[in-house]
Amino acid sequence: MTRVFCVANQKGGVGKTTTAISLADGLAKSGARTLLIDLDPQCNATSGVGFTPVTEHSLVSGCRIVDSVDTTRVPGLDLLAGTKNFSDIEILTYGDTAILDRVRRQLTQEIRGYDDVVIDCPPSKGQLTRLALECSSEVLMPIQCEYFAMEGLVQMIEVIGEVMNRRDGKLQFGGIVLTMFDHTLELASEVENEVRDFFGDVVFQSVIPRDVAVSEAPSHGLSVLDYAPRSRGARAYLELCMEVLERV
């Protein structure tokens with residue numbers, strides 16, 4: 001059965017796309033046939049693996065996903081590129097019921113040839129994120145280890161709860177990922193402790209540190225696992241991937 005991971009947080013700048021790319025790369029390296037889907041209009045997941053945004057999103061054009069994917073440099077990892085086309089974004093965000101139902105079918109039926117699918121969502125709790133949640137089996141939420149880490153978290157969890165509680169819903173809370181951890185800052189440890197005290201085992205043990213290699217990797221069209229495999233950030237993301245694989 002295909003595992004579909006939705007990487008979501010309504011707050012931007014928390015390492016959401018970096019986590020999506022690194023997780024997809026790590027899953028592919030584990031031997032799983034993996035698909036990375038870019039649903040964020042900023043298209044950073046697309047450029048982060050070395051591709052340019054498409055002029056028309058295949059989810060809008062109706063083209064089969066299998067006919068629209070790009071093969072990345074990582075063996076076993078495919079990409080469904082994102083688009084910055086405003087009309088496509090509007091259709092995906094505000095489309096009528098028939099269009100959204102077709103997209104749901106595409107995101108649930110046409111991905112069955114993959115072992116794992118990772119969806120990078122926009123930094124919002126709007127329709128695109130809800131659509132991704134509805135089509136996913138697990139949601140991962142990155143949280144930055146800084147002052148505003150808890151900002152908007154309750155609202156995002158409410159949206160996740162709404163999708164999880166639907167009668168036909170299959171979504172599970174995969175876990176919270178602590179990112180951008182700076183061990184030299186007392187505040188970072190305070191945030192980590194607060195999040196772990198409140199959410200318990202939902203929080204992954206792996207913590208993603210602040211690491212220049214993580215920041216540099218997207219400009220080379222690579223995940224940090226390939227750009228700097230011996231860096232602290234790469235090790236942390238590999239440990240996260242191992243935890244995800246263990247939580248079956």
Side-chain angles (χ1 to χ4, degrees), residues 2 4-25 28 34-74 77-114 116-136 139-142 152 156 159 163 215 217-223:
T2 304
V4 184
F5 301 93
C6 176
V7 183
N9 192 323
Q10 73 179 78
K11 190 174 185 297
V14 298
K16 176 182 58 60
T17 298
T18 300
T19 298
I21 293 173
S22 301
L23 176 62
D25 192 346
T34 306
L35 173 64
L36 174 63
I37 297 178
D38 192 351
L39 275 188
D40 188 346
Q42 297 179 74
C43 299
N44 289 335
T46 299
S47 60
V49 292
F51 290 85
T52 56
V54 294
T55 55
E56 185 178 26
H57 206 293
S58 63
L59 296 178
V60 174
S61 67
C63 293
R64 294 172 67 237
I65 287 178
V66 69
D67 296 326
S68 307
V69 297
D70 293 300
T71 301
T72 73
R73 285 177 279 182
V74 179
L77 177 60
D78 290 343
L79 167 74
L80 186 65
T83 183
K84 295 183 179 182
N85 185 318
F86 286 126
S87 61
D88 278 13
I89 293 166
E90 282 195 0
I91 290 171
L92 289 173
T93 306
Y94 306 109
D96 60 31
T97 302
I99 292 175
L100 295 179
D101 283 346
R102 176 177 58 74
V103 172
R104 288 186 186 94
R105 285 195 299 272
Q106 285 184 276
L107 290 177
T108 52
Q109 297 177 11
E110 295 184 10
I111 47 84
R112 290 176 181 170
Y114 291 94
D116 297 308
V117 176
V118 180
I119 304 176
D120 184 37
C121 296
S124 75
K125 54 187 179 69
Q127 180 59 45
L128 271 177
T129 298
R130 289 173 183 268
L131 188 63
L133 289 169
E134 291 171 7
C135 300
S136 300
V139 56
L140 274 60
M141 186 184 303
M156 190 67 210
V159 172
V163 177
S215 302
S219 65
H220 296 268
L222 298 169
S223 86

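These values consider heavy atoms only, across backbone and side chains, with no hydrogens, waters or symmetry-generated copies. Numbers here are sequence positions counted from 1.
A side chain to side chain contact (heavy atoms under 4.5 Å, CB included) with Leu35 holds for exactly one of Ile119, Asp78, Val4; it is Asp78. Between Val103 and the options Val60, Leu59, Leu39, a side chain to side chain contact (heavy atoms under 4.5 Å, CB included) holds for only Leu59.
Distance check: Arg112 CZ to Ile65 CD1 gives 11.5 Å after rounding to the nearest 0.5 Å. Here the CD-OG distance, from Glu110 to Ser68, works out to 8.0 Å after rounding to the nearest 0.5 Å. To the nearest 0.5 angstrom, Thr97 atom OG1 is 13.0 Å from Arg102 atom CZ. Between the CZ atom of Phe51 and the CG atom of Asp70 there is a distance of 4.5 Å, given to the nearest 0.5 Å.
With hydrogens and angles left out, the side-chain atoms of Ser223 and Asp25 include a donor and acceptor closer than 3.5 Å.
A donor-acceptor pair under 3.5 Å is formed between the side chain of Asp38 and the backbone N or O of Thr46. Distance alone, capped at 3.5 Å, is enough to place a donor-acceptor pair between the Thr83 side chain and the Val54 backbone. A donor-acceptor pair under 3.5 Å links the side-chain atoms of Thr129 to the main chain of Ser124, judged by distance alone.
Listed here is the closest heavy atom pair of Cys135 and Arg104: SG-CA, 3.8 Å. For Gly221 against Arg73, the heavy-atom pair with the smallest separation is O-NH2, 2.9 Å. For the residue pair Tyr114 and Val117, the shortest heavy atom distance occurs at CB-CG2, 4.1 Å. For the residue pair Thr34 and Ala24, the shortest heavy atom distance occurs at CG2-O, 3.7 Å. Contact record, Lys125 with Arg130: O-NE, 3.4 Å, taken as the closest heavy-atom pair.
For the pair Glu134 and Leu107, the minimum side-chain heavy-atom distance is 4.5 Å or more. The closest side-chain heavy-atom distance from Lys16 to Asp40 is below 4.5 Å. Annotation: side chain of Asp120 is not in contact with side chain of Thr19 (no heavy-atom distance under 4.5 Å). A heavy-atom distance below 4.5 Å is not found between the side chains of Gln42 and Thr17. Looking at Val7 and Pro142, their side chains come closer than 4.5 Å, going by heavy atoms from C-beta outward. Ile111 places none of its side-chain heavy atoms less than 4.5 Å from the side chain of Leu80.
Pairs passing the side-chain hydrogen bond (donor to acceptor under 3.5 Å, both in side chains) check and including a residue from residues 50-66, sequence neighbours excluded, read Arg64-Asp67.
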Fill in: Audit row: Gln10, Val159, side-chain contact (heavy atoms from CB on, under 4.5 Å) steps and yes/no
CA-CA 10 Å; Gln10 73 179 78; Val159 172; over 6 Å; no
